[in-house]
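Here is the structure we will look at.
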Amino acid sequence: MFIQQLINGLMLGSTYSLVAIGYALIFGVLGLLHFAHGEVLMVGAFMGLYIILWTGLPLYIALPLTMVVTGILGMIIQFLAIRPLKKNFHLAPLLSTIGVTIILQNLAVKIFGGYGTRFPDTIAMDNIMLGPYMVSSVKLIIMGISLLLMVIFYLIIKKTKLGKAMRALAESHLTAGFLGVNVERTVFLTFGIASALAGAAGVMIGVSYSAISPFIGLTFALKGLVVMLLGGMGNVVGAMIGGLILGVAEVLSITLLPTEVNLQDIFSFGIMIIILIFKPTGLFGSKQN
Amino acid sequence: MILEIREVGKVFGGFCALQNVSIRVEEGKIHAIIGPNGAGKTTLFNLISGMFDISHGEIHYRDKRLNGLRPDIRAELGIGRTFQIVRLFPSMTVLENVMVGRHCRTHSGLLKTFFHFPLGESSEEKQIRNNAMQWLEFVGMTHRAQQVAANLPHPEQRRVEIARALALDPDLLLLDEPAAGMNPKETMDLDALIVKINGMGKTILLIEHNMNLVMGISEIISVLNFGEKIVEGTPAEVKENPAVIEAYLGKKRN
Amino acid sequence: MLSIKDVSAGYGKSLAVHDVSLEVKKGEVVVLLGANGAGKSTILRTISGAIKPAKGQIFFDGQQITGKKPHEIVQRGVIHVQEGRGILSRMTVRENLEMGAFLRSDSEGINCDLERVFKKFPRLQERLGQSAGTLSGGEQQMLAIGRGIMANPKLLILDEPSLGLSPAFVEFIFESIREFREKDHYTILLVEQNANQALEVADRGYVLQTGRLVMEGTGQDLLCNVDLQQAYLGGGCTT
Amino acid sequence: MEYILSVATVAGINIIMALSFYAPFMTGQVSLAQAGFAAIGAYSAAVCTVKFGIPYIPAVIIGGVVAGVVGFILGIPALRIKGIYLLLLTLGFGEIVRVIFINIEYVGGAAGFPGIPYQENTFFYAYGLVLILIVCFERLRNSRMGRAMRAVGDDETAAEINGINITAVKLKAFAAGAFIAGMGGGILAHFQEFIEPLMFGVMHSVEYIVFAIFGGVQVFWGPIFGAIVLSFVPEFFRFVQAWRHEIYGALLIVMMIIKPEGVITNDSVRFIKKIFRGS
């Protein structure tokens, strides 16, 4: 039973990780909180849903398509709501991305309706026996894809020129510029990558929860923020591990604690507050100086 | 003796910014601290005014041990300072900036603010305002009183910052490179202002790169290099000292 | 090679530099001297595109580079080694060096320059895998200069390379600069407060005071100039 | 008429909430906990009137005091952190408050707390409080404590070097903001007759920030102006009613790009005062 829950927690956590990576990436590179990141995830969830519904394409094609769309969405957000801001008011990016949140959420309500929409059962919902433990195949696929995406992302960050440029930006925009990094373009692409990951997380949340609504953005945005803090602000590897930890902790808290009280959220926000007060650099160190 | 720095050291994560520095500042003097960039001068000021914790040694102000005291308490004891890069409150007017300097010499709390009668300015507020105006007049800035501080040219901002520090009635005034970025004329005016402040009996501890200013007005000079005090003496002594010239201009080969 | 004409620049409303004109010819080492707050770093940052000049023009290799973005200026071969070194402390020493060659794609040339850096600073080769933040101040300065070399610069801008280093390291850094000039024939624009040593390695020098040029001349001229000593220890040199 | 009165009353409560955000903001603290404090105030006041039969005014004040005390306690750890970290801390706190109320059956849990006595004069009470707050903020502006708060908001280091105990100032401002939000919550509870945890989510805290920032944060008239405009304008834009949220969002983005200091600035206040004196 315990192992079963552990596996469930890892699955939940791996989607948290994908959201949190985006936060950490954007915070690391730009030092700002991208409030509309959860909304990008929500758009991704609907995007995936409708691609599958309308075109009948399988998940493994719908997912990359969605990632491309949300990636472009992220870059549009950066271009319209963040790049034009003057640098002298530190709350401006937060507020303008709140503006984006409001717009996306309400557009989604208009287009998709305010009630939950079911995700189609595109994947056989068989349960697989992993040794003595029963695991649903959907969740296994989700975990597999999430981990795969994280590995790919990690390689991008570590090995590619773009990844190195992003890491250099995370340390100092000035230095990166003096080394020949095109700062504006790299920031632009950073939003694209972060948003593509959020879109992927959206699709997978849709598949595993089998219902989505225009209001899921905020919930997962908050979870993503908790995870980013857990891993250390702006620390992308920390965000990956932090997501898994929070997922497991949440699932275990449901199992081990009295059920009549909904402690799951108190639990995650409690973790967040404790970390903020006692170790604001997170478990794995912050990328901020 | 107004300030005694005893074998003070400061370590930042392995890097030793100051070590074993002892300086005695005598009451009523203008005492300068000079040294090349990165010698640890501003770090020393930050230790005196309480912005950093001290790693080794002790600092005494009059009979009081300063180690561990909060910056605002040190200000209340009578240590005022200005910053290398002027730090006025940018959203406030010049007058309000100087009025903030009176904070620790006055007492009205929130409740008194809301419930004082009769209406209009309280007597304490009037007194704060008058005092601040006096200091503005002292530094020659009354004509700017109602302007927003951020819009002033740099040399005037510096004067306002000095007025703000004076408003808290310090006995010891720390000036961190007051002449930085000023032209010779402005530097001369500042020179006169510092002498005038000293003339009121206030002790001045000064960091400065402009040697004309330093040599002209200070009575004693301590030279720092690589976080250590290398020389101390009168301007004439320091000027002739080969170690000082080397610290500034680098070694001459031949 | 580089010429600056009547440039005024600064942050926000207040200008830190007024009407500065200076020139660096190919193969020269030119030093810019001046006290704190004289505007040396502002000039360098204006050249490398981090600050847009309020007035004036900057030419490099005959082309106007005024107001171009930093990466465009790097592309033309102007490499700025920052004051305080600008080390990417969370990346390894090797990654830092690779970042130096960010805009290059000639892997042979890059490897060649890497060898060159190792020959100059063997210490860096020993620490390749270490994260750069763990290096000592002197090693970081070597890394910063080495990273500049990796860009195959036409003009190398060094901002206070001796700042905060122990005397032995200062000696070593100046020795390296001398070597750059004599062996590698680099063109270098150097900002230093260590005037004597800087002038010894320099062909020419400019002296800056509160944002204006007040003196210029060959290294030897300035070295023997009494006014210069005044500028540092006496302050009051006027034109 | 009744409709307009109702919108105006909500606007009044929004002004209170926008000012509750502004109080800690003056010292540089950005709080996303204001809806949480409003929840504490609303529930405390409602418990007072419903369960203990305490009259309206003392109940609202008790709501404010309870929220203020909680704010004071939260303010102590909050002082150690800044910027985005503080934002996250207050955000987490606000959510925890909401989740806790969901789980307290004594006040109705997730189903909400019904049967709160309706205060028909809410309009006058709300604007009465607004008036008191205006007097307080105006007095604060030209006072020792007010200057200290703005000094801390401008530059903490310079404030502390000039003898200001920044810890005390920030804590007082934070608690005062919570106190104001708590009273706003109490008034809201007795206007709606029914409260539920959903009414106090993060997006409400965000809304208060938007009021303040849109109106301008250089002077307290800004949040007041922002709350009024953003409460009324959507109601009158009937023809674009369907798209008002989208317009609201776009307005926010455009504001941040072209006028991040908000509509009302120090200069505009000076200008208006001049007109009044001139005429």
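Side chains included, hydrogens not; waters and symmetry mates left out as well; all remaining heavy atoms used. A, B, ... follow the sequence lines: proteins, then strands. Residue 1 opens every chain.
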Point to revise | chain D contacts, top residue of Arg74(B), Met51(B), Glu76(B) (heavy-atom pairs, under 4.5 Å) | key: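 So the answer, after comparing Arg74(B), Met51(B), Glu76(B), is Met51(B).
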**Study point:** Option in Glu124(B), Arg87(B), His103(B), Glu96(B) with maximal non-hydrogen atom pairs under 4.5 Å from chain D
**Key:**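 Sorted descending by pairs with chain D, the first entry is His103(B).
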Supply the atom-to-atom distance [X] [atom1] to [Y] [atom2], rounded to the nearest 0.5 angstrom.
X         : Y         : atom1 : atom2 : value
Asp72(B)  : Thr167(D) : CG    : OG1   : 7.5 Å
Glu161(B) : Asn162(D) : CD    : CG    : 8.0 Å
Asp154(D) : Met92(B)  : CG    : CE    : 5.5 Å
His107(B) : Met145(D) : NE2   : CE    : 13.5 Å
Thr157(D) : Phe83(B)  : OG1   : CZ    : 6.5 Å

Point to revise | Selection from Ile166(D), Asn142(D), Ile132(D) maximising heavy-atom pairs under 4.5 Å formed with chain B | key: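 Of Ile166(D), Asn142(D), Ile132(D), Asn142(D) has the most heavy-atom pairs under 4.5 Å with chain B.
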Practice item. Let me see the working for Arg70(B) and Asn165(D) under side chain to side chain contact (heavy atoms under 4.5 Å, CB included), right down to the final yes or no. Key: CA-CA 8 Å; Arg70(B) 286 200 318 261; Asn165(D) 181 346; 2.9 Å; yes
Practice item. Measure Glu160(D) against the heavy atoms of chain B and call it side chain, backbone, both or neither at under 4.5 Å. Key: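 Looking at Glu160(D), backbone and side chain both touch chain B.
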**Study point:** Interchain contact, Ala176(D) with chain B, by part (heavy-atom threshold 4.5 Å)
**Key:**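 Interface part for Ala176(D): neither.
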Review point. Short question: side chain of Arg144(D), backbone of Thr106(B) - any donor-acceptor pair under 3.5 Å?
Key: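 Yes; judged by distance alone, with no hydrogens or angles, the pair exists.
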Check your understanding: Hey, are Glu125(B) and Arg147(D) close enough for a salt bridge, meaning a charged N less than 4.0 Å from a carboxylate O?
Key ->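 Between Arg147(D) and Glu125(B) there is a salt bridge, with a charged N closer than 4.0 Å to a carboxylate O.
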Review point. Quick one: are Leu110(B) and Leu140(D) in side-chain contact, heavy atoms under 4.5 Å?
Key: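 In contact.
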Point to revise | Crowding at CG, Asn130(B) (>12 non-hydrogen neighbours, <6.0 Å) | key: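 More than 12 within 6.0 Å, yes.
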Review point. What heavy-atom pair brings Ser91(B) and Asn266(D) nearest, and what distance separates the two atoms?
Key: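 Closest pair (atom of Ser91(B), atom of Asn266(D), distance): O-ND2, 4.1 Å.
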Review point. Between Ile161(D) and Ala75(B), which heavy-atom pair has the shortest distance, and what is it?
Key: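 Result for this residue pair: O-CB, 3.3 Å.
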